[in-house]
Amino acid sequence: MSHPEPVARRMYDLIEPLGLVPYLADESDQALIALGLRDQWDAYFAGRAAPFGRSVPAEVVHAVFYNFAPGEVARHLPKVWELTTPEAALAARERGCVAGLRRILGDLADGPGVERAADLLLKAATSAPVEGRALYAALRTVPVPQEPLAQLWHAATLVREHRGDGHIVALVAEGIGGTEAHVLHALSIDMPAHEFGRVSHLPAAQLTAVTDGMRDRGLIGTDGWLTTAGRSAKERVEALTDRLAEAPYDALDADEFGRLVSDLEPISTAVQAEFQW
């Protein structure tokens, strides 16, 4: 089924809160750290990189994840695989995320809408081509859980990583580097770059070099904010990201898509309220 352009953005609004559960719900980090990992960032890299297995070098994960500063991935990979296994990390991540969702959703977690949404979202999430989508392709090799709530979270994660792979394509096409992507996003929401969480920890000189490079290209003005060209670049990135994220939903007919949206809305609303997203 062919959908109009806004579909991917609508689905992003509904699914992104579920995709953020590993990073915003304490249960996921707790389950991973219980394996012997050192901290939250160990948990992040072990949980998200686990579909690649233990043999993929940090440099490859850095390339796939795209937006971490040089050296950040290597502080955790392959060290985490001396502490646990990818299989254990995947199981702990799923277990923690399902526990977090169950806490957040309450009675809704066992409602019929979860099972219906899981069936339809999984149909969409496993239908897209994997070519050029490294993280999505890796995650497609992970066994699909059977419990409806776990299945819903797994499907949401598949769709999120599919979109993320496309987002990187859009950034590369626009010539926006990994750290630059965070600066571009921060400034687009009127937040000074040094206050944005994903880059606020970087040495001031390193962040200044990034913003200076963007200023030299006309993306940032002398006032430190995005220029018209910078805002246009951001809009093009988001538009291409949305277009590249359409493919999963082509597997659903109009009635299926409508039912999926209807069932996801209360689930997503509850998660958004928990995370104040």
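The shown structure was predicted, so the numbers you read here are calculated from the model rather than taken from an experiment. Heads up: numbering here begins at 1 and tracks the sequence. Reckoned from all heavy atoms, side chains included, excluding hydrogens, waters and symmetry mates.
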Of all heavy-atom pairs between [X] and [Y], which one has the smallest distance, and what is that distance?
X: E72; Y: A69; value: OE1-N, 2.8 Å
X: A31; Y: A92; value: CB-O, 3.3 Å
X: V73; Y: A58; value: CG1-O, 3.7 Å
X: A245; Y: H162; value: CA-CE1, 4.1 Å
X: A193; Y: A186; value: CA-CB, 4.2 Å

Considering residues, nucleotides and ligands other than Q146, do more than 12 of their heavy atoms fall under 6.0 Å from its CD? no
Are there over 12 heavy-atom neighbours, none belonging to E256, within less than 6.0 Å of that residue's CD?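 Check passes, neighbour count above 12.
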Cationic N near anionic O, under 4.0 Å, [X] to [Y]:
X: D190; Y: R231; result: yes
X: E87; Y: R54; result: no
X: D212; Y: R215; result: yes

Intermediate values then yes/no, side-chain contact (heavy atoms from CB on, under 4.5 Å), V271 and L24: CA-CA 10 Å; V271 178; L24 298 180; over 6 Å; no
Does the [X] side chain pair with the main chain of [Y], one donor and one acceptor, at a distance under 3.5 Å?
X: E195; Y: P192; result: no
X: T208; Y: A204; result: yes
X: H182; Y: N67; result: yes
X: D242; Y: A8; result: no
X: T269; Y: P266; result: no
X: R259; Y: L120; result: no
X: S28; Y: G96; result: no

Using the side-chain contact (heavy atoms from CB on, under 4.5 Å) criterion, which residues pair with R140? Sequence neighbours excluded.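 Result, side-chain contact (heavy atoms from CB on, under 4.5 Å) vs R140: T126, V130, Y136, L158.
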Does [X] reach the side chain of [Y], with side-chain heavy atoms less than 4.5 Å apart?
X: F45; Y: K79; value: no
X: Q151; Y: V114; value: no
X: L264; Y: M11; value: yes
X: P70; Y: Q206; value: yes
X: F52; Y: V64; value: yes
X: I267; Y: L152; value: yes
X: T84; Y: L32; value: no
X: R38; Y: L83; value: yes

Point-to-point distance, once rounded to the nearest 0.5 Å, from [atom1] of [X] to [atom2] of [Y]:
X: Y249; Y: L121; atom1: OH; atom2: CG; value: 6.5 Å
X: H194; Y: H201; atom1: NE2; atom2: NE2; value: 15.0 Å
X: D165; Y: T241; atom1: CG; atom2: OG1; value: 11.0 Å
X: E16; Y: R9; atom1: CD; atom2: CZ; value: 9.5 Å
X: R160; Y: L139; atom1: CZ; atom2: CG; value: 11.5 Å
X: L187; Y: L226; atom1: CG; atom2: CG; value: 4.5 Å

Single-linkage hydrophobic cluster, 4.5 Å side-chain cutoff, [X] and [Y] together:
X: Y12; Y: Y23; value: yes
X: L20; Y: I189; value: no
X: V237; Y: L240; value: no
X: L14; Y: L149; value: yes
X: V144; Y: L252; value: no

Applying ring-ring contact (aromatic ring centres under 6.0 Å, His included), can you list everything that pairs with [X], at least two apart in sequence or on another chain?
X: F275; value: none
X: H62; value: none
X: Y66; value: none
X: H154; value: none

Sequence neighbours left out, what passes salt bridge (Lys or Arg N to Asp or Glu O under 4.0 Å) with D29? Give chain and number order.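 By the salt bridge (Lys or Arg N to Asp or Glu O under 4.0 Å) rule, D29 matches no residue at all.
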Would R198 and F68 count as a cation-pi pair here, with the cationic atom under 6.0 angstrom from the ring centre and within 45° of the axis? yes
For F65 and Y44, take the angle between the two ring planes, folded into 0 to 90°, and tell me which bin it lands in: parallel under 30, tilted 30 to 60, perpendicular over 60.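 Rings of F65 and Y44: perpendicular, as their planes differ by over 60°.
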